[in-house]
Amino acid sequence: MDPVFKALADPTRRLLLDRLREHNGQTLSELCEHLDMARQSATQHLDVLVRADLVTVVRRGRERLHYLNPTPIHEIEERWISEFDRPRLQAISAIKHQAEEYAMTDTLTSVPTYVYVTYIRASAEQVWRALTDADLTARYWGHDNVSDWRAGSTWEHRRADGSDVVDVVGKVVETDPPTRLVITFDDVPDAESPREPSLVTFLVEPHQDIVRLTVTHENFPNREMFEGVSRGWPAVLANLKSLLETGEVLPQAPWEMSDAHA
């Protein structure tokens, strides 16, 4: 955790993290607009944050988009905040946020993009198969992800309990095995008033015996879906990581934990 504390010790780097918290997925130029410093200095600060895994860079064409990665800070919380303290701190935080919402005069008009990064001891081919093989997704997700995974094809997220209920549908936008998969994500396929689906990008980056898996979920129709995805993706990907590294999923379904321990 030394790189994390070193990165957080500098007020400029904390300001950069605040800027990304307010608006995730910014380019270097966008971040520099809010800083009274040269572009080169901002780049050096961002490099420190990237090495500490507090910021993740996602390439989109010629652009490099910067996203806040909350995982290291969450690990600090888990290490130094006890189970006894957590409910009390959550209650205090809820009161603070509610008071701040009442004090706000402007209404939020956009929903942020969600980005999650995890490191898995596996090959890129193994991770790709885990994302696209229906039998494997049934094990760690409880759903069969069904498609031929060709660009333009449809995909379905079917319950693996024998009911064959489809909870999510979408289309394969882009596929480049075993490193990149882009799909649309519609969690209300039978709604009377159809809405524009959100977009999910899986980026698999191999490095020797491990891979970095980055999941980017964007174009949310509302904040309710964003909050649901923010709870759901970490649980699903933790189960995937366990399956690939140990051969078994976690002993309990991780997505049930947030409700049981709220």
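Note: hydrogens, waters and symmetry copies are ignored here, and every other heavy atom, side chains too, is used. All residue numbers refer to positions in the sequence shown, counting from 1. All values reported here derive from a predicted model rather than from experimental measurement.
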Visitor: Got a sec: does the CG of N222 have more than 12 other heavy atoms crowding it under 6.0 Å?
Guide: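 Count over threshold, so yes.
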Visitor: Hey, are S153 and D148 close enough side-chain-wise for a donor-acceptor pair under 3.5 Å?
Guide: yes
Visitor: Verify, without hydrogens or angle tests, whether T184 (side chain) and K171 (backbone) share a donor-acceptor contact under 3.5 angstrom.
Guide: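 Yes, T184 side chain to K171 backbone: donor-acceptor pair under 3.5 Å.
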Visitor: Shared ILVMFWY cluster between L240 and W255, side chains joined below 4.5 angstrom?
Guide: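 Same cluster: L240 reaches W255 through Ile, Leu, Val, Met, Phe, Trp or Tyr contacts under 4.5 Å.
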Visitor: Out of curiosity, E196 CD to F220 CZ, how far, rounded to the nearest 0.5 Å?
Guide: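 It is 14.0 Å, given to the nearest 0.5 Å.
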Visitor: Do the side chain of Y140 and the main chain of A130 share a donor and acceptor less than 3.5 angstrom apart?
Guide: yes
Visitor: Could you walk me through whether H143 and T137 pass the side chain to side chain donor-acceptor pair (under 3.5 Å) check?
Guide: CA-CA 6 Å; H143 285 71; T137 60; over 6 Å; no
Visitor: Do NZ/NE/NH1/NH2 and the carboxylate oxygens of R129 and D135 come within less than 4.0 Å?
Guide: no
Visitor: Would V115 and L49 show up in the same hydrophobic cluster when neighbours are defined by side-chain heavy atoms closer than 4.5 Å?
Guide: no
Visitor: Before you tell me yes or no, could you show the steps for T43 and Q40 under side chain to side chain contact (heavy atoms under 4.5 Å, CB included), namely the whole-Å CA-CA distance, both residues' side-chain angles and the distance that decides it to 0.1 Å?
Guide: CA-CA 5 Å; T43 300; Q40 183 178 1; 5.6 Å; no
Visitor: May I ask you to say whether D167 pairs ionically with R159, meaning some side-chain N is under 4.0 Å from a carboxylate O?
Guide: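 Between R159 and D167 there is a salt bridge, with a charged N closer than 4.0 Å to a carboxylate O.
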Visitor: Report yes if some heavy atom in the side chain of N69 is under 4.5 Å from a heavy atom in the side chain of P72; otherwise report no.
Guide: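 A side-chain contact under 4.5 Å exists here.
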Visitor: Would you say S29 and E33 make side-chain contact, with heavy atoms under 4.5 Å?
Guide: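 The answer is no, as the side chains (C-beta and beyond) never meet within the 4.5 Å cut-off.
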Visitor: Is the gap between the ring centers of W149 and F202 under 6.0 Å?
Guide: no
Visitor: Within a strict 4.5 Å, meaning less than it, do heavy atoms of the E22 and P112 side chains meet?
Guide: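 Heavy-atom side-chain distance check fails, nothing below 4.5 Å.
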Visitor: Please round to the nearest 0.5 Å and tell me the distance separating atom CZ of R13 and atom CG of D47.
Guide: 10.5 Å
Visitor: Could you walk me through whether E156 and V168 pass the side chain to side chain contact (heavy atoms under 4.5 Å, CB included) test, one step at a time?
Guide: CA-CA 6 Å; E156 292 183 340; V168 180; over 6 Å; no
Visitor: Checking D144 side chain against V146 main chain: does a donor-acceptor pair fall under 3.5 Å?
Guide: no
Visitor: Minimum heavy-atom separation for D10 and T12, please, with both atom names.
Guide: OD1-N, 2.8 Å
Visitor: Given the rule that I, L, V, M, F, W and Y join up when any side-chain heavy atoms are under 4.5 Å apart, are Y119 and L243 in one cluster?
Guide: no
Visitor: Quick check: do V182 and V200 have side-chain heavy atoms less than 4.5 Å from each other?
Guide: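 The answer is no, as the side chains (C-beta and beyond) never meet within the 4.5 Å cut-off.
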Visitor: Quick one: CZ on R180 to OG1 on T175, what's the gap to the nearest 0.5 Å?
Guide: 10.5 Å
Visitor: For a 4.5 angstrom cut-off between non-hydrogen side-chain atoms, does T216 reach T113?
Guide: yes
Visitor: Check whether any side-chain heavy atom of V4 sits under 4.5 Å from a side-chain heavy atom of D53, and report yes or no.
Guide: no
Visitor: Once rounded to the nearest 0.5 Å, what's the spacing between atom CG of N239 and atom CG of L250?
Guide: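 If I round to the nearest 0.5 Å, the distance is 4.5 Å.
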Visitor: Using the six-membered ring wherever Trp is involved, compare the ring planes of F226 and Y114 and label them parallel, tilted or perpendicular (cut-offs 30° and 60°).
Guide: perpendicular
Visitor: Cut-off 3.5 Å, side chains only: do N145 and H157 have a donor facing an acceptor?
Guide: yes
Visitor: Please tell me if the side chains of I183 and W155 come closer than 4.5 Å, counting only heavy atoms from C-beta onward.
Guide: yes
Visitor: Output yes when a side-chain donor or acceptor of R121 lies under 3.5 Å from a complementary backbone atom of I210, and no otherwise.
Guide: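 Side chain of R121 to backbone of I210, a donor-acceptor pair under 3.5 Å: no, none is there.
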Visitor: Using the rule that Ile, Leu, Val, Met, Phe, Trp and Tyr join whenever any side-chain heavy atoms are under 4.5 Å apart, tell me whether W233 and L131 fall into a single cluster.
Guide: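 Yes; L131 is reachable from W233 via cluster members.
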Visitor: Before accepting this row, confirm whether a basic side-chain N of the pair R59/E63 lies closer than 4.0 Å to the acidic partner's carboxylate O.
Guide: no
Visitor: Is the closest basic N to carboxylate O distance between R212 and E205 below 4.0 Å?
Guide: yes
Visitor: Quick one: does H66's side chain have a donor or acceptor within less than 3.5 Å of a partner on Q26's backbone?
Guide: yes
Visitor: With a 4.5 Å limit on heavy-atom distance, are the side chains of V204 and Q126 in contact?
Guide: no
Visitor: For L65 and G25, work out which heavy atoms get closest and say how close.
Guide: CD2-O, 3.7 Å
Visitor: May I ask whether L46 and V117 are part of the same hydrophobic cluster, defined by side-chain heavy atoms of I, L, V, M, F, W, Y residues being less than 4.5 angstrom apart, directly or through others?
Guide: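 No: no chain of side-chain contacts under 4.5 Å links L46 to V117.
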Visitor: Just how far is it from atom CG of L31 to atom CZ of R39, taken to the nearest 0.5 Å?
Guide: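 So the CG of L31 and the CZ of R39 are separated by 10.0 Å.
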Visitor: Any donor and acceptor pair, going by atom type alone, linking the side chain of E245 with main-chain N or O of S242 inside 3.5 Å?
Guide: no
Visitor: Mind running side chain to side chain donor-acceptor pair (under 3.5 Å) on S163 and R158 for me, showing each step along the way?
Guide: CA-CA 8 Å; S163 67; R158 297 179 189 166; over 6 Å; no
Visitor: Considering non-hydrogen atoms only, spot the tightest contact between C32 and A42 and give its length.
Guide: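 Shortest heavy-atom separation between C32 and A42 comes out as SG-CB, 3.7 Å.
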Visitor: For side chain to side chain contact (heavy atoms under 4.5 Å, CB included), just list the numbers for T132 and L181, CA-CA rounded to whole Å, side-chain angles, deciding distance to a tenth of an Å, and then say yes or no.
Guide: CA-CA 9 Å; T132 58; L181 176 66; 4.1 Å; yes
Visitor: Decide side chain to side chain contact (heavy atoms under 4.5 Å, CB included) for V50 and T56; before the verdict, give the C-alpha distance in whole Å, the side-chain angles of both, and the deciding distance to 0.1 Å.
Guide: CA-CA 6 Å; V50 170; T56 297; over 6 Å; no
Visitor: Measure the OG-CG distance between S198 and N219 for me, rounded to the nearest 0.5 Å.
Guide: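 Here the interatomic distance stands at 7.5 Å.
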Visitor: Between the side chains of R64 and E30, is the shortest nitrogen-to-carboxylate-oxygen separation below 4.0 Å, so that they form an ion pair?
Guide: no
